[in-house]
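Remarks on the structure that follows.
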Amino acid sequence: MARHTRIVVLTGAGISAESGLPTFRDADGLWEGHDPMQVATPEAYADDPDLVQRFYDERRAALSRVEPNAAHRALARLEAELGDDLLVVTQNVDDLHERAGSRRVHHVHGRLRSAWCTTCDERHDWSGPLADRPPCPACGAATLRPDIVWFGELPYGMDVVEEALEHSDLFVSIGTSGLVYPAAAFVHWARGATLELNLEPSAGATDFAESRTGPATRLVPAWVGEVLTGSSGRGRARGPR
Ligand code: BV8
Ligand code: ZN
């Protein structure tokens, strides 16, 4: 591989689908009959905090019933080779990237296994429920909410993402429908080559120089193999297909 290639990978729910976690679009899109988009808002939390806490308590509990898959593991392998030249930016709130061995993972929409105290603003690694209003380990207040970015809230670390995309030689989007912003706009922030790996072309497929379709557990290890053996995989230079 010539000059070291700086790669930014964006992942969405599709990369965790084959681990058994429902995506937003499938699982008939409903949670207990609620549109997730309706539960994942500060307004919903103000109106019915128990409902929202239960929504996230169940998803947090479900994490212990699933494992990372070949796509997560392939990205961990790539990080082992590329080190700081790879950054995984994920919309997912699950911890499967980290459990597969990835270290350089940036959760733009938060993490299920983290609780945020709205009194002292501290964040705490958390694996149990929150619906029973446990006290904050720092200030004791019963004001722990899921450390999740809800619709209408500013995603985490947009400056980190913008910086990484500006200096990236390759931007790869995996398992995302490209319907939620600002993540869906990252392809436009990327300065280098662009590649989409998705079960079906996403809403932004034509914004990518190359778009491959298929399951992540097949596409991602194959792409990582190409990068590590230097047989391209570094996507085509910019510009629509
Ligand atoms: C903000 C945490 C402003 C919660 C999430 C511009 C235009 C239009 C709308 C907006 C806009 N700007 C802002 C908005 C509003 C909104 C938005 O985008 N709405 C959409 C619905 C139109 N955006 C926001 O509110 C954002 N905040 O803009 O703040 C602001 C500015 C200043 C100051 C204050 C505020 C915040 C958005 C984040 C919300 N939180 N998640 C939780 O998880 O419960 S978003 C959540 O939904 C996910 O994190 C993810 O981002 C999104 C779901 O998308 P995907 O992950 O792509 O999943 P999906 O099911 O859609 O698709 C799965 C894909 O995988 C499919 O393509 C499928 O084909 C593929 N697939 C399936 N199986 C496989 C596979 N691929 C490969 N292999 C497989 N096996
Ligand atoms: Zn506190």
If I take atom [atom1] from residue [X] and atom [atom2] from residue [Y], how far apart are they, to the nearest 0.5 angstrom?
X      : Y      : atom1 : atom2 : value
Asn69  : Glu18  : CG    : CD    : 6.0 Å
Glu163 : Ser168 : CD    : OG    : 10.5 Å
Arg73  : Ser102 : CZ    : OG    : 11.5 Å
Asp121 : Thr143 : CG    : OG1   : 10.0 Å
Leu63  : Glu58  : CG    : CD    : 12.5 Å
Ile174 : Glu196 : CD1   : CD    : 10.5 Å

### Check against side chain to side chain contact (heavy atoms under 4.5 Å, CB included), Ser173 and Ser202
CA-CA 10 Å; Ser173 176; Ser202 75; over 6 Å; no
Co-membership, hydrophobic cluster, residues [X] and [Y], 4.5 Å side-chain:
X      : Y      : value
Tyr156 : Val89  : no
Phe151 : Leu179 : no
Leu112 : Trp116 : no
Val180 : Leu199 : no
Val39  : Val149 : no

For a 4.5 angstrom cut-off between non-hydrogen side-chain atoms, does [X] reach [Y]?
X      : Y      : result
Asp57  : Arg60  : yes
Leu75  : Trp223 : yes
Leu21  : Asn92  : no
Val227 : Thr5   : no
Val9   : Phe171 : no
Thr194 : Asp207 : no
His97  : Pro68  : no
Cys139 : Cys117 : yes

Under 3.5 Å: donor-acceptor pair, side chain of [X], backbone of [Y]:
X      : Y      : result
Glu98  : Val105 : no
Asn198 : Thr213 : no
Arg54  : Ala131 : no

Return all side-chain donor-acceptor pairs below 3.5 angstrom for residues 42-51, not counting sequence neighbours, or 'none' if the list is empty.
residue	atom	partner	partner atom	Å
Tyr45	OH	Gln53	NE2	3.3
Asp48	OD1	Asp50	N	3.4
Asp48	OD1	Leu51	N	3.0

### Query
Side chains of Ser16 and Asp94: donor-acceptor distance under 3.5 Å anywhere?
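There is such a pair (donor and acceptor under 3.5 Å, judged by atom type) between the side chains of Ser16 and Asp94.
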Search all heavy atoms of [X] against all heavy atoms of [Y] and return the closest pair with its distance.
X      : Y      : value
Ala216 : Ala71  : O-CB, 3.6 Å
Thr23  : Ala17  : CG2-CB, 3.9 Å
Arg59  : Val93  : NH2-CG2, 3.4 Å
Ala142 : Arg133 : O-CD, 3.5 Å
Pro134 : Pro129 : CG-O, 4.0 Å
Arg218 : Gly214 : NH2-CA, 3.6 Å

### Query
After noting the C-alpha distance and the side-chain angles of Thr90 and Ile15, does the key distance pass the side chain to side chain contact (heavy atoms under 4.5 Å, CB included) rule?
CA-CA 10 Å; Thr90 187; Ile15 198 171; 5.7 Å; no
### Query
Would you call the rings of Tyr56 and Trp150 parallel, tilted or perpendicular if under 30° counts as parallel and over 60° as perpendicular?
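Answer is tilted, since the angle falls between 30° and 60°.
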### Task
Take Met158 and Trp189 through the side chain to side chain contact (heavy atoms under 4.5 Å, CB included) test and state the conclusion after the steps.
CA-CA 11 Å; Met158 284 298 103; Trp189 305 2; 4.1 Å; yes
### Task
Determine the sole option in Val172, Val220, Val88, Val224 for which the side chain to side chain contact (heavy atoms under 4.5 Å, CB included) test with Leu78 is passed.
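Output: one option passes, namely Val224.
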### Task
Could you point out which residue of Arg123, Arg113, Arg111, His107 forms a side chain to side chain donor-acceptor pair (under 3.5 Å) with Asp147?
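Per the side chain to side chain donor-acceptor pair (under 3.5 Å) rule, the option paired with Asp147 is Arg123, out of Arg123, Arg113, Arg111, His107.
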### Message
Clusters formed by hydrophobic residues whose side-chain heavy atoms approach within less than 4.5 Å: which one holds Leu130, and what are its other members?
### Response
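Leu130 clusters with Trp126, Leu144.
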